[in-house]
2 protein chains.
Amino acid sequence: MTRSPSSSNPDASVRLGRPPKLDDARARILAEAAALFAEQGYETSSLSELAARLGLTKPAIYHYYSSKQDLFDAVILETLTGLVANVEEALADTTGPCEKLRRFMVGHARYFAGHRDGFVTMLVGFGGMKNTEFREDSLVLRRRYEQLLRDIVSEGVETGAFRQVDPVVTARAILSMLSWMVRWFQPSGGKTAEEIALEYVELLALER
Amino acid sequence: MTRSPSSSNPDASVRLGRPPKLDDARARILAEAAALFAEQGYETSSLSELAARLGLTKPAIYHYYSSKQDLFDAVILETLTGLVANVEEALADTTGPCEKLRRFMVGHARYFAGHRDGFVTMLVGFGGMKNTEFREDSLVLRRRYEQLLRDIVSEGVETGAFRQVDPVVTARAILSMLSWMVRWFQPSGGKTAEEIALEYVELLALER
DNA sequence: CCATTTACTTTCCGACCAGTCAGTATATAA
DNA sequence: TTATATACTGACTGGTCGGAAAGTAAATGG
């Protein structure tokens, strides 16, 4: 996603015909790191084990990422970026707050189901509360995401499509329900994440 | 709360007049451990630092708790026990699902606000998902707590006091909202935890 | 007064881990 | 051919941490 070892060749991956090996390796490490962090948590995961899983050695990882924390941040940033982009795309060309809200929640659930490792890492991976202040870009994305939801609720209330609820409280409640899924959702258990999101939409019954 | 070093004197703390020093020390360690775990997370917290904060040495802690994990489990069990007891007490002699639901949610929020360290340790302290299976007694309490809420919702739906919602989905949604508070609630910021719980009650608008 | 238990302390160990360093093989570029 | 960047590896280090061993001082109890 981002380039950490400053390559002297600007934009190598643009020229087609030659495989962008560096980004491939970076992406592979990132995916495996997300899986490991999701399984064991950040602190309990060791870079030696990550390397072993990848069939690499520890210093090989340091060739692509400058620190363990850097790797962690990259997992979160990638997940968050993908989530926001995906949901915003699901919302494109949609009119009406009812449909928008449904698409937001279902879109979130779908992206979550497809990127559980990243979500688990992002939402429960780090013990303790100090680290909640991530890098600046993550924070910006989080705020944009929550604001997007608030705006949908606001629109619904103002146009009379929704009952009179507080957009701030409502958005936070919705994100709480969706975020907490990370703690109990099992893909093997009956309902899909999207189905659960739809159940939440019905429960809220914002439309009137 | 529980006794781990099997004391030859059965029920020492019952006889008044003599201070129950052992339980005092255990409680002091437990409280400080909860605070430390809440601040830094379980894995990042070291028993040396815990000992230093208490003005003790590391082995002194091992005199009262058999392992770091034991200490962690004790924090969670105490928090969960207190939460369930407190909410059940708040519900006692209450008739009507509307009032019960309000008391459940506000009672939860109040106990959370008064025991944040324990809550943070319990809900975000451990990175990774493997450890979600706690000791058996914790699991029993969790289930009892969720069932309690489900029963309230069921009663409301059956008596016609609430609109037609799914009790399982609704209970999970409510617990999600309340649990996620641990991630963003700040006592310094305007609203109290109880006020937020009441906002959630209104948002749900289960009464009809 | 003595025996036992409680409540610790000092010392230490084995394991592990993030990160470093020095070096190597390969591919590309001039 | 030579120079340079890439993509690594093996060996190592400095530090930390959970936990154990062994001993001590004080209180308790008969």
Side-chain angles (χ1 to χ4, degrees), chain A residues 3-13 15 17-30 32-33 36-37 40-75 125-128 131, chain B residues 3-13 15 17-30 32-33 36-37 40-74 126-128 131:
Chain A
R3 201 139 335 192
S4 136
S6 56
S7 74
S8 62
N9 179 355
D11 223 4
S13 64
R15 304 190 212 165
R18 199 158 24 93
K21 301 218 306 200
L22 188 144
D23 284 357
D24 258 19
R26 276 181 67 89
R28 215 171 66 90
I29 293 171
L30 201 65
E32 196 64 44
L36 186 64
F37 290 157
Q40 312 194 341
Y42 175 72
E43 291 93 347
T44 319
S45 302
S46 83
L47 293 187
S48 318
E49 186 177 345
L50 177 60
R53 285 201 193 196
L54 290 160
L56 296 174
T57 58
K58 203 167 31 156
I61 293 169
Y62 278 91
H63 182 68
Y64 295 96
Y65 293 92
S66 64
S67 69
K68 192 186 178 186
Q69 180 77 45
D70 184 34
L71 198 44
F72 181 77
D73 290 344
V75 170
F126 218 103
N131 209 72
Chain B
R3 200 139 336 190
S4 138
S6 55
S7 74
S8 62
N9 180 355
D11 222 3
S13 64
R15 306 192 209 162
R18 200 156 24 94
K21 301 216 309 200
L22 187 144
D23 285 357
D24 258 19
R26 276 181 68 88
R28 216 171 65 92
I29 293 172
L30 201 64
E32 196 65 43
L36 186 64
F37 291 156
Q40 312 194 340
Y42 175 72
E43 291 93 346
T44 319
S45 303
S46 81
L47 293 186
S48 318
E49 187 177 345
L50 177 60
R53 285 203 195 195
L54 290 160
L56 297 174
T57 57
K58 200 169 31 156
I61 293 170
Y62 278 89
H63 181 68
Y64 296 97
Y65 293 91
S66 63
S67 69
K68 192 186 179 187
Q69 180 76 46
D70 184 34
L71 199 45
F72 180 76
D73 290 344
F126 218 105
N131 209 72

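The chains referred to below are lettered A, B, ... by the order of the sequence lines, with proteins before strands, and numbering in each begins at 1.
For B:R28, the side-chain hydrogen bond (donor to acceptor under 3.5 Å, both in side chains) test picks out no residue, with sequence neighbours left out. Partners of A:A60 under the side-chain contact (heavy atoms from CB on, under 4.5 Å) rule, at least two apart in sequence or in another chain, are A:L56, A:T57.
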Nucleotide N/O to protein N/O under 3.5 Å, stretch nucleotides 16-21 of chain C:
residue : atom : partner : partner atom : Å
C:dA18  : OP1  : A:S45   : O            : 3.1
C:dA18  : OP1  : A:K68   : NZ           : 3.0
C:dA18  : OP2  : A:L47   : N            : 3.0
C:dA18  : N7   : A:K58   : NZ           : 2.8
C:dG19  : OP2  : A:Y62   : OH           : 2.7
C:dG19  : OP2  : A:K68   : N            : 2.9
C:dG19  : O5'  : A:Y62   : OH           : 3.2
C:dG19  : N7   : A:K58   : NZ           : 3.1
C:dG19  : O6   : A:K58   : NZ           : 2.8

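Rounded to an integer number of Å, the gap from OH of B:Y65 to P of D:dG19 is 15 Å. Atom CG of B:L54 is separated from atom P of C:dT9 by 11 Å (rounded to the nearest Å). To the nearest angstrom, P of D:dA7 lies 10 Å from CD1 of A:I29. Between the CD1 atom of B:I61 and the C1' atom of C:dT9 there is a distance of 13 Å, given to the nearest Å.
Side-chain contact check for B:Y42 versus B:Q69: some heavy-atom pair is nearer than 4.5 Å.
Set against D:dA7, D:dT9, C:dT10, the side chain of B:T57 has C:dT10 as its closest nucleotide.
For residues 50-64 of chain A, the salt bridge (Lys or Arg N to Asp or Glu O under 4.0 Å) pairs, not counting sequence neighbours, are A:E32-A:R53, A:E39-A:R53, A:E49-A:R53.
Side-chain nitrogen and oxygen atoms of B:H63 include none within less than 4.0 Å of the OP1 or OP2 phosphate oxygen of C:dC8.
With values rounded to the nearest 0.5 angstrom, A:L36 atom CG is found 12.5 Å from A:I29 atom CD1. Taken to the nearest 0.5 Å, the CG atom of A:L30 stands 13.5 Å off from the OH atom of A:Y64.
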